[in-house]
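All values derive from a computational prediction rather than experimental measurement. Throughout, a chain's letter reflects where its sequence line sits, starting with A, and its residues are numbered from 1. All values below were derived from every heavy atom in this structure, side-chain atoms included, with hydrogens, water molecules and symmetry-related copies excluded.
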There are 2 protein chains.
Amino acid sequence: MATATQAPRHPAGLAQKLADSGLRSTPQRELVYDVLLTKRDHPTADEVFARVKPELPGISLATVYNCLETLVQCDLVRAVNFERGPTRYCPNLRPHAHFHDEVTGQTHDVDLPETLFAKLKSELPPGFDANAVEITFRGKAQSSAN
Amino acid sequence: MATATQAPRHPAGLAQKLADSGLRSTPQRELVYDVLLTKRDHPTADEVFARVKPELPGISLATVYNCLETLVQCDLVRAVNFERGPTRYCPNLRPHAHFHDEVTGQTHDVDLPETLFAKLKSELPPGFDANAVEITFRGKAQSSAN
DNA sequence: CTTGCACCTTAGAATCATTCCAATTTGTTG
DNA sequence: CAACAAATTGGAATGATTCTAAGGTGCAAG
């Protein structure tokens, strides 16, 4: 069998994180996570399905949805939504914003200083207690590097 | 005919704004807009439909969708999305953020200083040109006044 | 081991919001 | 009034996601 190119690309934290939640590590979950880490272009469930299928031809779309949901529950992946479009998935765990390119339809991560998120929460009127902030930009990006 | 209670609640700018876009003012459009202005609780299309129907029993859901879309096009109303839930509609045109109460499911407007929006855009890396920013909080609100 | 059982995966049906479509209705303009 | 464009309508169609029921899988206790 081939070797080098098949090694798991993720930091092996998956099995652990899953176990922490009383869940099992399965080939499907590993592969879905791998696919997200390998090409971080915020794929939809369908896109993940397409990327995963060649390696695991028997996998079903329902399972891809299940795996993605599981990864989100375990805080290994974030679900990203934009205007009723299909949900996209992002393995970037640092707090960051998203930029939606209106021309290409691509989604880019935008790192913002941690202080900004704090500042935003501090602007809330009294009585509002936020445990998450989401920031989304829409516009045009000089899509050079891709 | 009755008078006081039936007077249009909106600032009569509707017909004008529509005309600006080469569109007609219709009873359906007026009423949908009225409903949004009257109870600013970010209703879904279904909810708007329910509120509009008693006054115009023949109206169809498709028309409500059409009217809402038209109002959004004319910049009289904003469409607000949260995690793949049904689109909600908001006649507040000032730049503001939204707070989603995880307990009640309600959506609240949150006014933020204009400078914050500017600051956010200025944080974008070079090459990114945003023409809109969306800020969404999720958390718990002391739902007192409603 | 081998049986039990909880967890997983699977295919396909079901759901839900929204959009599309083709047929009327309405309004305006010549 | 006639002709045409813009709007509305009900129902069918779409697309993403979730549900359901039926098999797999794999560890754990005996």
**Message:** Treating primed atoms plus P, OP1 and OP2 as sugar-phosphate and everything else as base, which nucleotides of nucleotides 25-30 of chain C get B, S or - for protein heavy atoms under 4.0 Å?
**Reply:** --S---
**Complete:** With B for base contact, S for sugar-phosphate-only contact and - for none (protein heavy atoms under 4.0 Å), nucleotides 16-22 of chain C reads -SBBB--
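For A:His42, the ring-ring contact (aromatic ring centres under 6.0 Å, His included) partners two or more places apart in sequence, or in a different chain, are A:His98. Legend: residues meeting salt bridge (charged side-chain N to carboxylate O under 4.0 Å, His left out) with B:Glu102, ordered by chain and number and at least two apart, are absent. Every residue two or more places apart in sequence or in another chain that forms a side-chain hydrogen bond (donor to acceptor under 3.5 Å, both in side chains) with A:Asp111 is listed here: A:Arg94. Residues meeting the salt bridge (charged side-chain N to carboxylate O under 4.0 Å, His left out) test with A:Arg88, sequence neighbours left out: A:Glu47. Under the rule for a ring-ring contact (aromatic ring centres under 6.0 Å, His included), B:Phe137 has no partner lying at least two apart in sequence or in another chain. Under the side-chain hydrogen bond (donor to acceptor under 3.5 Å, both in side chains) criterion, B:Arg51 pairs with B:Asp41, sequence neighbours left out. With sequence neighbours excluded, the residues satisfying side-chain hydrogen bond (donor to acceptor under 3.5 Å, both in side chains) with B:Thr87 are B:Asn81.
Close to C:dC8, at under 4.0 Å from its OP1 or OP2, lies no side-chain N or O of A:Thr26.
Heavy-atom contacts of chain A under 4.0 Å fall on DNA chain D between two terminal nucleotides, which in 5' to 3' order are D:dA16 to D:dT25.
Atom NZ in A:Lys53 sits about 16 Å away from atom P in C:dT9, given to the nearest Å. The distance between atom CG of A:Leu23 and atom P of C:dT9, rounded to the nearest whole Å, is 10 Å.
The structure places CG of A:Asp109 at 4.5 Å from CG of A:Asn92, a figure rounded to the nearest 0.5 Å.
Residue pairs meeting the side chain to side chain donor-acceptor pair (under 3.5 Å) criterion with at least one member in residues 56-73 of chain B, sequence neighbours excluded, are B:Ser60-B:Thr63, B:Glu69-B:Gln73. Applying the ring-ring contact (aromatic ring centres under 6.0 Å, His included) test to residues at least two apart or on different chains, the pairs with a partner in residues 67-89 of chain B are B:Phe82-B:His100.
Each of B:Ser60 and B:Gly22 was assigned the nucleotide of DNA chain D with the nearest heavy atom; the assignment lying further toward the 5' end belongs to B:Gly22.
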